[in-house]
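These notes are about the structure you will find just below.
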Amino acid sequence: MAPKPRPAAAPAAPATGAAAAGGDGAADGDKRTPTAYEQRVYRLCSAIPKGRVTTYGELAKALDPPSSARAVGQAMRRNPFAPRVPCHRVVAANMEIGGFTGSWGPEAASVKRKRAMLIEEGVPFGGDGRVGRACLVRAEELARLAAGKKGLAGGKGGAGE
DNA sequence: GCCATGGCTAGTA
DNA sequence: GCCATGGCTAGTA
């Protein structure tokens, strides 16, 4: 209950206890506030179109100050907004499914769920269990998508492209 | 000192 | 299979 709007810049408030837990609460947003870096990652992640995927590395390159795939993976793993933030659309560089909700590898139950979600969204899988390169969103395109989403105006002049 | 990564090397077939 | 990269958490002082 009481989805209190938290102060953007909560100075102290470690909110350790939070206890929360209170049964089925567990809604997203109750966990700790994502760092500025994580928020950038999530914003970019949200810009991945349905039916497409990107990789940890491409997402890292598309970040404002570019970072590493490893750091992106960590942010994904700690994503408190899943699946609202579609972290399931991020796969490994070799186009293998990757991980989901803390698990890694195609055998993990949660990862199978990830694959099911992607298939549902129209992402094609090859017989080897990898995602087709065709639907990969590269860093440049991802950055453009994110900018368009943020600006809403579509960027300069809009003409063409 | 961890990691939901990724690129490169070595070793084997 | 190894190790460099980047950001974060936990544990100490």
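Because the structure is a prediction, the values reported are computed rather than measured. Lettering follows sequence order; numbering is per chain, from 1.
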**Report entry** A:Gln39, CD atom: more than 12 neighbouring heavy atoms under 6.0 Å
**Finding:**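 Enclosed: over 12 neighbouring heavy atoms sit under 6.0 Å from CD of A:Gln39.
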Select one nucleotide: of [options], the one nearest the side-chain heavy atoms of [X].
X	options	answer
A:Ala71	C:dC8, C:dG6, B:dG7	C:dG6
A:Arg70	C:dG7, B:dT5, B:dG6	B:dT5
A:Ser68	C:dT5, B:dA4, B:dG6	C:dT5
A:Trp104	B:dT5, C:dC8, B:dG6	B:dT5
A:Thr55	C:dC8, B:dG6, C:dG7	B:dG6

Query raised in the report: Side-chain heavy atoms under 4.5 angstrom apart, residues restricted to Ile, Leu, Val, Met, Phe, Trp, Tyr: same cluster for A:Leu63 and A:Leu136?
Result: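 No, it is not one cluster - the side chains of A:Leu63 and A:Leu136 are not joined through contacts under 4.5 Å.
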Query - Nucleotide paired to C:dC2 in any strand shown, Watson-Crick or G-U, under 3.5 Å - result: B:dG7
Nearest whole Å is fine: how far is [N] [atom2] from [X] [atom1]?
X	N	atom1	atom2	answer
A:Arg40	C:dG7	CZ	C1'	11 Å
A:Arg130	B:dG6	CZ	P	12 Å
A:Lys61	B:dG6	NZ	C1'	11 Å
A:Met76	B:dC2	CE	P	23 Å
A:Tyr56	B:dG7	OH	P	14 Å
A:Glu38	C:dG6	CD	C1'	12 Å
A:Asn94	B:dC8	CG	C1'	14 Å
A:Gln74	C:dG7	CD	P	10 Å

[Y]/[X] salt bridge by N-O under 4.0 Å criterion:
X	Y	result
A:Glu121	A:Arg89	yes
A:Arg115	A:Glu120	no
A:Glu141	A:Arg144	no

Over all strands shown, is [X] touching base, sugar-phosphate only, or nothing at heavy-atom distances under 4.0 angstrom?
X	result
A:Thr101	base
A:Gly57	sugar-phosphate
A:Tyr37	sugar-phosphate
A:Gly105	nothing

